[in-house]
Amino acid sequence: MNERGMVYAEVLDSSGKVLSHSDPTRVGEQDESPAGANALRAPATLLQLYRGKDGVEYLDFSAPARVRAKPVGAVRLGVTRAQFRADLL
């Protein structure tokens, strides 16, 4: 992604399949990350902090995707914690 600190944006269906992603090569893959699973289970907007395999801390913002009040997936946005903090201070 071209935005400073932005790592990913994705849309998941209810099974965790990636329907849309800022990295087009991820479309069609299964998101098996703990943050992705939490996003799919969350009844409302969710903010998660996690450390990636690269040792960097990330903030994951997610919201449920619904059609006529029925959960159909989730929308997620990931940013680095360091850049997020730098932009706020």
Side-chain angles (χ1 to χ4, degrees):
M1 298 200 64
N2 294 332
E3 297 298 323
R4 187 175 68 193
M6 187 75 57
V7 180
Y8 58 85
E10 76 175 356
V11 178
L12 303 173
D13 73 5
S14 61
S15 71
K17 181 179 176 183
V18 179
L19 301 177
S20 180
H21 200 286
S22 51
D23 175 358
T25 65
R26 299 278 320 269
V27 173
E29 291 182 1
Q30 195 69 23
D31 183 337
E32 297 179 354
S33 69
N38 290 340
L40 289 170
R41 286 192 302 267
T45 303
L46 179 65
L47 171 61
Q48 302 177 77
L49 173 64
Y50 70 92
R51 187 174 304 275
K53 294 177 183 176
D54 56 5
V56 175
E57 288 186 312
Y58 296 95
L59 292 170
D60 182 278
F61 299 88
S62 63
R66 294 188 176 96
V67 173
R68 296 188 180 128
K70 178 185 175 189
V72 295
V75 178
R76 299 177 59 207
L77 178 68
V79 298
T80 61
R81 183 179 186 195
Q83 191 61 57
F84 187 78
R85 290 183 62 144
D87 287 345
L88 291 178
L89 302 177

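All values reported here derive from a predicted model rather than from experimental measurement.
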Open item on the list: Evaluate Tyr58 against Val79 for side chain to side chain contact (heavy atoms under 4.5 Å, CB included), listing each step before the verdict.
Closed with: CA-CA 6 Å; Tyr58 296 95; Val79 298; over 6 Å; no
Task: Phe61 ring center within less than 6.0 Å of Phe84 ring center - done: yes
TODO: Might you work through the side chain to side chain contact (heavy atoms under 4.5 Å, CB included) test for Asp31 and Arg76, ending with a clear yes or no?
DONE: CA-CA 11 Å; Asp31 183 337; Arg76 299 177 59 207; 2.5 Å; yes
Task: Distance in Å, Gln30 CD paired with Lys17 NZ, rounded so as to fall on 0.5 Å steps - done: 8.5 Å
- [ ] Report yes or no: do Val56 and Val7 belong to one cluster of Ile/Leu/Val/Met/Phe/Trp/Tyr joined by side chain heavy-atom distances under 4.5 Å?
- [x] yes
Task: Minimum-distance pair of heavy atoms, taken over all atoms of Ser62 and Ala39 - done: OG-CB, 3.5 Å
Open item on the list: Count I, L, V, M, F, W, Y as connected when their side-chain heavy atoms are under 4.5 Å apart, and connections chain through other members. Are Leu77 and Leu49 then in the same cluster?
Closed with: yes
Task: For Val27 against Ser20, the heavy-atom pair lying closest together - done: CG2-CA, 4.1 Å
Task: Gap separating the OG atom of Ser14 from the NZ atom of Lys70, nearest 0.5 angstrom - done: 7.0 Å
Open item on the list: Under a 3.5 Å distance rule, please check whether Gln48 uses its side chain to pair with a backbone N or O of Gly36 as donor and acceptor.
Closed with: no
Task: Path from Leu47 to Val11 over hydrophobic side-chain contacts below 4.5 Å - done: no
Task: Check: Val18 and Leu12 side chains under 4.5 Å, non-hydrogen atoms - done: yes
Task: CZ/Arg85: more than 12 non-hydrogen atoms of other groups inside 6.0 Å - done: no
- [ ] Take Asp23 and Glu10 through the test side chain to side chain contact (heavy atoms under 4.5 Å, CB included) and record every step on the way to the result.
- [x] CA-CA 9 Å; Asp23 175 358; Glu10 76 175 356; over 6 Å; no
Task: In one Ile/Leu/Val/Met/Phe/Trp/Tyr side-chain cluster, 4.5 Å: Leu59, Met6 - done: yes
